[in-house]
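This report concerns only the one structure given below.
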Amino acid sequence: MNTQIEKIISELKEQIKLKEEKASKLVLEKEAEEKLYELISFQEWLNQEIENLKQEIVKKAESIRKNFNGFVGEKLLFRFYRPKVFYKISNISLLKKEFILEVVQKRANSQTIKEYKEKTGKLPEGVVEEVVPAKLEVKIKAEKYEENEAEPHTA
Amino acid sequence: MKKMRLSHTLLNLWIRGEVDRAIDYYFKLNKFEPTQAMIEGLAIDKAIQEEIIGRKKLPDFLGGERLINPKPQLKLEIEHNQYFDFVGVIDCYDEGRIYEFKTGALNSFNYLTQEQTKLYAYLCYKSNLPAKEIVVIRYSQKENEFDWSNAFVSEKTIDEAINFIDSVAPEIYSFFIEKGLL
């Protein structure tokens with residue numbers, strides 16, 4: 001890597017570390033929120049830049065040959081997934097039978113399994129347990145209104 | 001010391017556990033009737049070759065790209081080490097670019113992440129042919145459409161090819177010796 005860029009990235013990492021230290025006090029100090037906001041804004045900017053870059057890579061690849069599918073590098077795999085078309089039922093009463101596929105779905109009965117587990121201390125045969133891990137989320141508030149909040153009445 | 005002549009097909013059959021087919025393939029005892037897909041694939045291969053030889057370009061169904069000095073179906077054979085030779089046929093070699101043409105359901109990226117094209121880069125390297133880039137172009141008969149993926153050849157590509165051979169071939173060799181096949 002270019003040494004000048006290496007130096008800039010190294011300095012940036014140091015700055016980010018300092019901000020992280022301050023931002024970790026979010027629920028303790030008022031000023032911490034601003035530091036966390038700066039970090040998340042930077043992350044969003046960088047994500048957007050990389051998204052634009054990916055589009056540009058595809059554009060350049062397709063200028064050589066259409067239907068670019070991917071690139072295999074020493075450190076990176078770049079893959080282009082093309083859009084796929086799926087169909088969803090919008091009004092079943094209007095849909096002719098030939099366009100409907102009936103599927104029998106079988107799911108584990110969480111309620112009876114939970115009761116069985118509580119009673120016996122084990123899972124019924126043929127069932128495995130999967131746990132959705134705990135998750136922390138932080139995002140930038142929408143400028144005008146909170147997401148999912150009704151728009152206030154205007155006079 | 002008896003030497004084995006390896007190819008990507010032999011190595012691939014072996015890692016898939018298809019020992020009987022690997023033996024049949026090695027001794028050219030092909031008992032298998034070609035499937036419809038294989039017959040179609042061969043016809044497409046023929047059309048590609050004819051276009052490359054006749055017009056120095058890829059057929060339109062693969063994008064119609066102009067080629068410089070193409071060598072279709074380039075067969076290369078090298079000595080890997082004292083136990084093994086390695087042979088392969090590159091679909092088309094053109095001024096440092098290795099083209100591999102595929103048909104079927106898997107897309108070009110899937111093929112490119114497999115070992116075959118790395119082995120071809122290794123063949124070029126050992127044959128003193130410059131290999132800078134690998135391009136896999138997959139043609140889907142079903143959709144009448146192609147897609148492509150590429151990779152640049154580096155020392156790592158060659159190392160990976162050598163490692164692949166060294167991790168599979170000795171087992172085949174031992175088996176063949178043990179069974180009196182060599």
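What you see is a predicted model, and the numbers here were worked out from it, not measured in a lab. So you know, we letter chains A, B, ... as the sequences are listed, proteins then strands, and number each from 1. Any value given below was found using the heavy atoms of this structure, including those in side chains, with hydrogens, waters and symmetry copies removed.
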When rounded to the nearest 0.5 angstrom, what distance separates [atom1] in [X] from [atom2] in [Y]?
X      : Y      : atom1 : atom2 : result
A:K66  : B:D147 : NZ    : CG    : 11.0 Å
B:W148 : A:F80  : CH2   : CZ    : 11.5 Å
A:R65  : B:F146 : CZ    : CZ    : 8.0 Å
A:N69  : B:L112 : CG    : CG    : 9.5 Å
A:I64  : B:N150 : CD1   : CG    : 7.0 Å

query = Who passes side-chain contact (heavy atoms from CB on, under 4.5 Å) against B:F176, sequence neighbours left out?
reply =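 Testing B:F176 for side-chain contact (heavy atoms from CB on, under 4.5 Å), a comparison that skips the adjacent residues, returns B:M4, B:W14, B:I23, B:Y26, B:F27, B:I172, B:L181, B:L182.
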Check whether [X] and [Y] end up in the same hydrophobic cluster, where Ile, Leu, Val, Met, Phe, Trp and Tyr are linked by side-chain heavy atoms less than 4.5 Å apart.
X      : Y      : result
B:Y173 : B:V87  : no
B:Y99  : B:Y139 : yes
B:V135 : B:F109 : no
B:M38  : B:Y25  : no

B:T113 vs A:R79 side-chain heavy atoms within contact, under 4.5 Å =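 Sidechains of A:R79 and B:T113: no contact.
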message = Looking at A:E125, I want to see if its CD is surrounded by more than 12 non-hydrogen atoms of other residues, nucleotides or ligands under 6.0 Å.
response =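 At most 12 heavy atoms, drawn from other residues, nucleotides or ligands, come within 6.0 Å of this atom.
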Which atoms of A:F78 approach chain B - backbone, side chain, both or neither, heavy atom under 4.5 Å =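 Answer is backbone: N, CA, C or O of A:F78 sit under 4.5 Å from chain B.
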